[in-house]
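Whatever order the structure lists ligands and atoms in, that order sets their numbers, starting from 1. Along the sequence shown, residues are numbered consecutively beginning with 1. As a basis for the values below, the full set of heavy atoms in this structure was taken, side chains included, without hydrogen atoms, waters or symmetry mates.
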Amino acid sequence: MICRQKSEQLFAEALKCIPGGVNSPVRAFRAVGGQPFFACKAKGASVWDVDGNRYVDYVGTWGPAILGHAEPSIIKAVQVAAESGTSFGIPNPSEVTMAKLICSWVPSVQKVRMCNSGTEATMSAIRLARGFTKRDKIIKFDGCYHGHHDSLLVKAGSGALTFGHPDSAGVPAAFTQHTIVLPYNDVDAVRAAFAANKGQIAGIIVEPVPGNAGLYLPRPGYLEALSQITREDGALLIFDEVMTGFRLAKGGAQERFGITPDLSCFGKVIGGGLPVGAFGGRAEIMDCLAPLGPVYQAGTLSGNPVAMAAGIAALSRLEETGAYASLEAIGAELEAGLRDAARQAGVPVQFNRCGSMFCGYFTSSPVHNLDDAMKSDRERFKKYFHGMLEEGVYLAPSQFEAGFISTAHGPEEIGQTVRAAAKVMKSL
Ligand SMILES: *Cc1c(COP(=O)(O)O)cnc(C)c1O
């Protein structure tokens with residue numbers, strides 16, 4: 001057994017002064033049992049815990065670490081920026097550089113506003129969609145996560161067209177009554193919702209490739225249908241690319257699938273590991289934001305110079321290194337190795353992958369939506385997770401999270417992961 005004595009001590013102290021010992025619930029390992037380790041260093045594809053154990057990391061700080069941890073050009077950019085002041089509260093040149101970069105990488109974005117998290121980005125995009133269309137209702141999909149703000153914190157209603165029930169205590173039902181929750185990958189459900197709510201739906205918000213219930217892909221034609229239905233009704237299509245943006249391609253999922261959404265939300269990769277979010281889209285819509293228009297949105301630290309420097313460095317590095325082609329190749333290699341390990345062990349696994357995002361579900365039937373994902377054997381996943389951790393491979397501590405590959409994952413890391421999986425799968 002790997003020794004995690006110092007982590008255990010820290011967790012005991014943390015439990016006394018931080019709710020559940022963590023500052024974000026998924027870190028608490030509740031879904032897999034046991035206790036989290038405490039990290040003190042991360043470099044490349046590796047993370048080290050306070051007891052000195054090293055793990056090959058597929059969490060990648062939940063998405064941002066696409067270039068691996070502590071990428072030298074990002075560290076340098078942060079140091080240089082911090083020397084000149086950590087926050088100004090008045091425009092700074094890096095905000096313009098960042099906005100130009102986003103607009104050139106993502107053609108559907110003509111104007112962009114920076115904020116501090118993915119949650120802020122989706123919250124503001126929803127408000128903007130409502131302000132622009134002068135409609136209240138929003139469609140979201142089962143299993144899609146858009147951050148922790150009130151109106152989108154709703155999971156599955158029972159069956160299509162049910163109005164949302166809040167997913168959390170402390171969210172008044174009135175706050176989610178305008179949220180319609182539908183199954184993902186079901187065009188008929190969307191058509192029916194629009195037919196039943198003519199002229200009332202402000203927009204659809206969707207993770208184009210949902211990565212918050214594991215990972216599943218849009219069926220051919222699905223995203224196109226969302227685009228067409230919203231356009232015909234005068235509603236907006238909002239792509240939540242907080243996870244997929246700048247990860248699945250330079251232009252995110254929308255580039256990969258050839259869709260032009262009205263608004264897009266970003267976070268994770270664009271912060272280079274610092275807290276950043278952004279939302280943008282058609283100029284005509286974005287100009288409804290204050291100070292030009294009536295939709296209010298603001299942020300004391302928005303466009304922060306240190307965060308902008310980190311993000312700009314990350315995007316520049318992705319471009320210079322031709323990262324997307326290598327991520328695809330590493331992803332394919334990992335997929336082939338893990339599929340093989342499962343086959344040899346005779347363990348049924350559905351391996352879904354899109355570029356550098358992946359999820360292996362322990363089930364024998366294909367996974368296209370949340371209901372399919374729920375069929376996976378979570379007890380088996382728990383054993384697999386802890387077995388892999390013992391072998392020095394850190395996967396996200398839940399069956400319902402995507403794994404992330406970075407450009408720092410090389411043949412050595414992939415080899416270690418595949419050998420570990422082959423061993424652990426046989427013991428399941
Ligand atoms: C992570 C995530 C968010 C929330 O971003 P935070 O920075 O954690 O607030 C929103 N949408 C998607 C798709 C995400 O993956």
- Task: For this output row, return yes or no: ring centroids of F404 and Y58 closer than 6.0 angstrom.
- Result: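 No: the rings miss the under 6.0 Å criterion.
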- Message: Measuring centre to centre across the rings, with the benzene-like ring taken for any Trp, is F279 within less than 6.0 Å of F266?
- Response: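 Not under 6.0 Å, so no.
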- Query: Under 4.0 Å from ligand 1, counting heavy atoms only, is it the side chain of N212, its backbone, both or neither?
  - Reply: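 The part of N212 near ligand 1 is the side chain, not the backbone.
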- Message: Please classify the E207 to ligand 1 contact at 4.0 Å (heavy-atom distances, strictly less than): side chain, backbone, both or neither.
- Response: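 Contact part for E207 vs ligand 1: side chain (C-beta onward).
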- Near M243, which atoms of ligand 1 are under 4.0 Å from a heavy atom of that residue?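 So the answer, numbered in order with elements, is 15 (O).
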- Message: Using a 4.0 Å cutoff against the non-hydrogen atoms of S117, which atoms of ligand 1 qualify?
- Response: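 Listed by number with element: 7 (O), 9 (O).
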Checking a contact table here: which protein heavy atom is nearest [atom], and how many Å away?
atom	result
atom 3 (C) of ligand 1	V242 CG1, 3.7 Å
atom 1 (C) of ligand 1	K268 NZ, 1.6 Å
atom 8 (O) of ligand 1	T119 OG1, 4.4 Å
atom 11 (N) of ligand 1	D240 OD2, 2.7 Å

- Query: Does a side chain donor of either D49 or Y55 reach within less than 3.5 Å of an acceptor in the other side chain?
  - Reply: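 Yes, side-chain donor-acceptor contact under 3.5 Å.
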When you check the gap from the basic side-chain N to the acidic O, do [X] and [Y] get nearer than 4.0 Å?
X	Y	answer
R317	E320	yes
D136	R130	no
E328	R353	yes

- Message: Test your reading of the structure: does G118 have an N or O sitting under 3.5 Å from an N or O of ligand 1?
- Response: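 N/O-N/O distance under 3.5 Å: yes.
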- Message: Geometry only, no angles: is H148 polar-contacting ligand 1 at N/O separations under 3.5 Å?
- Response: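 In this structure, H148 places no N or O atom under 3.5 Å from an N or O of ligand 1.
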- Determine the minimum heavy-atom distance between Y361 and A213, stating which atoms define it.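 Nearest pair, atom of Y361 first, then A213: OH-O, 2.7 Å.
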